[in-house]
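Below is one structure, written out as structure tokens, with a few remarks after it.
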Amino acid sequence: MTALTEMELAALDPVIEARKMTFDVSDKYENIVIPIGNAGESQPGDNAGLTGGEGLSLDALMRLRQSALNQQ
Amino acid sequence: MSLVAILLYTIVTLWLVITVFAQHPRFQPFINAFNALHIIPRWTFFAPNPGIRDYHLVIRDRYSDGRLTGWKSVPVYSPRPRFGYLWNPQKRSSKIMNDAVQAIKLLLKRENINTDGIPFTVPYLLLLHYAAHAVPPEPDAMEFQFAIIESSGHNERKLECSFLSSFHGR
């Protein structure tokens, strides 16, 4: 990961909009990814069956997740 | 020359010859069958398909009236220390961030999670937490979101957005 330049940051909105139009963009590069087991890896059911989360704070998301995992 | 020296020279020479042959796809299946200990290296080492894209984490705030700030880069890499080639534990944090990005991309393909369930997964929460703390909020900003941007190319980088998060409370 590196930083983007100010010019690139200023021109990001069209890039983001393009993402909304074609949701699977860049997935074609998925085959070069070599996931390594560590903190960044997720397992099936990792989201505890929850969906949504729009507008919630980080703390609220984590509380909901913990609560759902405890009930499993 | 002693018998031990002759034996060692023979082993090392054989090792070198096999290593050279192992670089050719034609001989790899045969050599791999006897390479359980992975003592025969390949020239690509740990990256059989070297990455050609770079990842960037960006963040923006939203005010209560709906106005949005511009995108800001989330700093992930700290300056490399002078003796970083010997001791550089800071590299672990950037590695975790990179893995979280990869994990989100993989999770997007999972039918049992998909886009709606992503905000409750570990990599999403990790990136959300990091982005929120690495970039101070704008005064009066109520919510923020982050995005993962991929770049390719060298002189004129081509940018693509591979993930856009929901808005979350500050």
Side-chain angles (χ1 to χ4, degrees), chain A residues 1-69 72, chain B residues 46-58 70-73 75-77 94-103 105-110 112-113 115-126 128-129 132 143 147 149-151 157 159-164 166-170:
Chain A
M1 287 187 187
T2 57
L4 294 171
T5 64
E6 288 298 320
M7 195 182 295
E8 287 171 327
L9 286 169
L12 265 188
D13 281 337
V15 175
I16 304 286
E17 285 302 314
R19 168 71 188 178
K20 291 175 184 170
M21 300 293 286
T22 55
F23 201 72
D24 62 346
V25 69
S26 82
D27 286 351
K28 58 183 175 290
Y29 299 99
E30 207 66 72
N31 60 346
I32 67 164
V33 173
I34 308 168
I36 299 169
N38 54 27
E41 189 178 9
S42 268
Q43 304 297 326
D46 183 56
N47 65 339
L50 296 166
T51 57
E54 170 83 33
L56 296 179
S57 67
L58 176 66
D59 287 342
L61 288 172
M62 291 179 73
R63 270 200 306 273
L64 283 170
R65 176 189 153 85
Q66 190 60 50
S67 172
L69 286 172
Q72 283 184 352
Chain B
F46 307 109
N49 298 299
I52 54 172
R53 297 166 75 80
D54 201 3
Y55 295 99
H56 315 269
L57 197 58
V58 294
W71 290 99
K72 298 174 197 164
S73 261
V76 174
Y77 281 117
S94 57
K95 171 75 171 63
I96 289 172
M97 301 301 289
N98 221 328
D99 287 345
V101 167
Q102 306 284 7
K105 289 181 66 179
L106 292 173
L107 285 170
L108 287 170
K109 290 189 161 185
R110 287 231 181 103
N112 64 334
I113 292 181
T115 319
D116 293 338
I118 293 286
F120 294 96
T121 61
V122 170
Y124 185 98
L125 293 170
L126 197 151
L128 191 68
H129 181 272
E143 296 175 312
I149 306 295
E150 296 184 32
S151 65
R157 292 198 292 193
L159 302 180
E160 283 181 312
C161 176
S162 54
F163 182 74
L164 179 64
S166 305
F167 279 97
H168 295 283
R170 272 289 191 178

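Each chain gets a letter, A, B and so on, in the order the sequences are listed, and its residues count up from 1. Values below: all heavy atoms of this structure, side chains included; hydrogens, waters and symmetry mates excluded.
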Check your understanding: Minimum heavy-atom separation for A:Gly55 to B:Glu143, with atom names?
Key -> CA-OE2, 3.6 Å
Exercise for review: Kindly indicate, with the supporting measurements, whether the criterion side-chain contact (heavy atoms from CB on, under 4.5 Å) is fulfilled by A:Glu8 and B:Ile149.
Suggested key: CA-CA 11 Å; A:Glu8 287 171 327; B:Ile149 306 295; over 6 Å; no
Study note, to complete from the structure: Looking only at heavy atoms, the pair that brings A:Gly52 and B:Pro119 closest together is O-CG, 3.2 Å
Check your understanding: Just how far is it from atom CG of A:Leu9 to atom CH2 of B:Trp71, taken to the nearest 0.5 Å?
Key -> 10.0 Å
Check your understanding: Name the one of A:Thr51, A:Leu69, A:Leu61 that satisfies side chain to side chain contact (heavy atoms under 4.5 Å, CB included) with B:Phe120?
Key -> A:Leu61
Exercise for review: Identify the heavy atoms of A:Leu56 and B:His168 that sit nearest to each other, and give their distance.
Suggested key: O-ND1, 2.7 Å
Practice item. Sort B:Ala147 into side chain, backbone, both or neither according to what part of it lies under 4.5 angstrom from a heavy atom of chain A. Key: side chain
Check your understanding: Heavy-atom count around A:Glu6 CD within 6.0 Å, excluding the residue itself: above 12?
Key -> no
Practice item. Rounded to the nearest 0.5 Å, what's the gap from CG on A:Leu12 to NE2 on B:His56? Could you check? Key: 9.5 Å
Review point. For the residue pair A:Val15 and B:Leu159, what are the closest heavy atoms and their distance?
Key: CG1-O, 3.9 Å
Review point. When rounded to the nearest 0.5 angstrom, what is the spacing between CG in A:Leu58 and CZ in B:Arg170?
Key: 11.0 Å
Review point. Under 3.5 Å, is there a donor-acceptor pair between the side chain of B:Ser73 and the main chain of A:Leu4?
Key: yes
